[in-house]
Amino acid sequence: MRVTTNRQNRLNRQLWEKFWAIAKPYWFSEQKWKARGLLILLLVLSFGVNVINVSISFIFRNINTALANFPQTRDTSTFWRFIFIYAGLLAIGTPIVVIFAYLRDKLGLYWREWLTNRFLNKYLQNRAYYLLNFNEEIDNPDQRISDDIRSFTRTSLTFLLLILTSVVTLISFTGVLLSISVSLSLTLLAYAIIGTIITAWIGRRLIKINFDQLKKEADFRYGLIHVRDNAESIAFYQGEAEESIGLRQRFLAAVRNFDLLINWQRNLSFFTTSYNYFVSALPYIVVAPIYFAGNTEFGTFTQAAIAFRQIFDALSIVVDQFENLTAFAAGVDRLSSLTDALETPSQPQPGATTIDVTEAAKLAMQRVTLLTPNYQRTLVEDLSLNLEPGEGIVLIGHSGSGKSSILRAIAGLWNAGTGHLTRPQLKEMLFLPQRPYMVLGSLRSQLLYPHTDRQIDERQLRQVLEQVNLTDLPERLGGFDAQLDWANVLSLGEQQRLAFARLLLAQPAYAILDEATSALDLGNEKRLYQQLKATKTTTVSVGHRASLLQYHKYVLKLEEDSRWQLMLAEEYQQT
Ligand SMILES: Nc1ncnc2c1ncn2[C@@H]1O[C@H](COP(=O)(O)OP(=O)(O)OP(=O)(O)O)[C@@H](O)[C@H]1O
């Protein structure tokens, strides 16, 4: 028993620590005064609500006593006087309650905005979004950043205010209750504590089930997004039946878990519902003997019931909010692991070596051995080459031999291995990946990506489009500011040419092209490479076509068993 309790304490502490690690930065950020000011205002308002509630309990005590005494006193004026006081209190109370809820939501919104920006910064820094793909523990980061943060800020604030207002309620109404009866106060306390313990015991499984639910829902949604993103390929394959099976499996997993969730919620509800019902009778049972003995007036029943309900609600936060608390705990856990992963995005395995990198105006490798990120496969061994500006190189080799991986190493995406790599600064290089990347946005931002804030006039944009043989694109698709789903509207070859236009506008010192012209006819390919040559860009290309050789000085051929061969392109053409 002791061991379990200690373990439970540790688990709770961990959860609390995780919560605090996520929550704290906002309250100490540049927005801290706004946040703290609003929180204090909320506390003042909640104190005001309490004063009103305590007053209401006295008003109804007097109203009921006046009604009970009427047969003897024939006094109606006391009754009406308290009804008027009550009306006056409502006029003050209504705006306080409404503004309290409004400010609470507003503060939640500020907090969400701040926290989401913080997560987005970390997500898009140091290529964390890319490294997360290889982290099996972090599923669906998108859901964590959108949904989990939203519910984190909103629920944290609701709970915090609930707890703080409960403390105020507890203090003020305990005074009221003690003035009626000490035994009433003690009975209530015992009832609420026992209720909380039993709820926590029944509901402990809900934490894990809620956690799983979030994951399964996100997996199902991701499945749907995947179908949307690959709609055309699925349509060509007529893969609807297979996709449907996959989607249904994901959905079924969510449904099954939800079924489990509602089963446990039902078990918990059996207890909480009866527990909540009984509380209405409890003050009457405790006050009745005092009343029957003639030691208190009739209105005490009403006041005791109101005070009892208020204190009971305050003490029962855990019971009432248990389900929300478990969902919240699951959300805190998910956000916490995302924070950890974002803060330490790449953790090399103990003893694992990485390739050294220095920056210079050329591209060179000295005895570079490159492995896959999991260190399980050697892709190329002891590679040495030296490429001066203006000397292009083309990488060839069978599929899966590691051509794209060498480009990843140059870009710094992969670094597992040994040896030394010299390369220009990343901002002097532009990579065109195997699958053309189309941004979400206008044709203009498509062309200027990734530096969309550059001021380049339309005449120049048109000129570049002409160079890549896409002259009519703006007219055909609604101008430079049209926002379309470019990846679906343009053909693969058009996307490749658009990516090339991006390259021609950026004019980097080095262009790293991973089969960037694979979908083009030879005429278009020639045209694009000639344009690049004219801008004095050094090209590092990957490709299977012999036509590429003429635009490069060297050929690097990757062979079986991580071996390689470096030769002049001219020589290679003759072999
Ligand atoms: N994240 C990863 N973790 C482990 N292995 C990977 C990872 N990504 C790719 N690989 C493996 O590394 C090897 C080299 O991949 P790479 O993409 O460099 O091949 P490639 O020569 O460019 O092939 P292709 O011509 O088909 O594009 C492949 O066997 C691939 O399965």
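Numbers here simply count residues along the sequence, with the first being 1. Order of appearance sets the numbers: ligands from 1, and atoms from 1 within every ligand. Everything numeric here is computed off the predicted structure, so don't read it as measured data.
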Check the orientation of [X] and [Y]. Use parallel for under 30°, tilted for 30 to 60°, and perpendicular for over 60°.
X	Y	result
Phe251	Phe220	tilted
Trp16	Trp20	parallel
Phe152	Phe19	tilted

Before giving the answer on ring pair (Phe, Tyr, Trp, His ring centres under 6.0 Å), spell out for Tyr529 and His552 the whole-Å C-alpha distance, their side-chain angles and the decisive distance to 0.1 Å. CA-CA 10 Å; Tyr529 268 95; His552 302 84; 5.6 Å; yes

Shortest protein heavy-atom distance from [atom], along with the residue and atom involved:
atom	value
atom 25 (O) of ligand 1	Lys403 NZ, 2.8 Å
atom 23 (O) of ligand 1	Gly400 N, 2.9 Å
atom 3 (N) of ligand 1	Pro373 CD, 3.7 Å
atom 26 (O) of ligand 1	Ser399 OG, 2.6 Å
atom 22 (O) of ligand 1	Ser404 OG, 2.7 Å
atom 9 (C) of ligand 1	Trp414 CH2, 3.7 Å
atom 1 (N) of ligand 1	Phe134 CE2, 3.1 Å

Would you say atom 17 (O) of ligand 1 has a protein heavy atom nearer than 4.0 Å?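 There is a protein heavy atom less than 4.0 Å from atom 17 (O) of ligand 1.
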
My question is simple, although I want it checked carefully: is atom 30 (C) of ligand 1 less than 4.0 angstrom from any protein heavy atom?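 It does not: no protein heavy atom is found less than 4.0 Å away from atom 30 (C) of ligand 1.
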
Are the side chains of [Y] and [X] in contact, using a 4.5 Å heavy-atom criterion?
X	Y	value
Ile406	Leu556	yes
Arg144	Ile138	yes
Leu115	Tyr26	no
Arg563	Leu558	no

Where ligand 1 meets [X] - atom numbers and elements under 4.0 angstrom, heavy-atom basis:
X	answer
Leu379	12 (O), 13 (C), 14 (C)
Glu515	25 (O), 27 (O)
Thr372	4 (C), 5 (N), 6 (C), 12 (O)
Arg377	13 (C), 28 (C), 29 (O)
Ser405	14 (C), 15 (O), 16 (P), 18 (O)
Gln434	27 (O)

Any luck finding a side-chain donor-acceptor pair between Lys362 and Asn386 under 3.5 Å?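 Judged by distance alone, the side chains do pair up.
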
Between the side chains of Thr158 and Arg154, does any donor sit under 3.5 Å from an acceptor?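 Absent: no donor and acceptor within the cut-off.
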
Whether Lys24 engages the ring of Phe28 as a cation-pi pair (distance to the six-membered ring centre under 6.0 angstrom, angle to the ring normal within 45°) should be assessed.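 Yes, Lys24 and Phe28 form such a contact.
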
Does ligand 1 have a heavy atom under 4.0 Å from the side chain of Asn374, from its backbone, from both, or from neither?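 Under 4.0 Å from ligand 1, Asn374 contributes side-chain atoms alone.
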
Residue part near ligand 1, for Arg408, under 4.0 Å between non-hydrogen atoms: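 It is the side chain that touches ligand 1; the backbone stays farther off.
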
Assess His544 for proximity to ligand 1: is some non-hydrogen atom of it under 4.0 Å away?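 The answer is yes: ligand 1 sits under 4.0 Å from a heavy atom of His544.
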
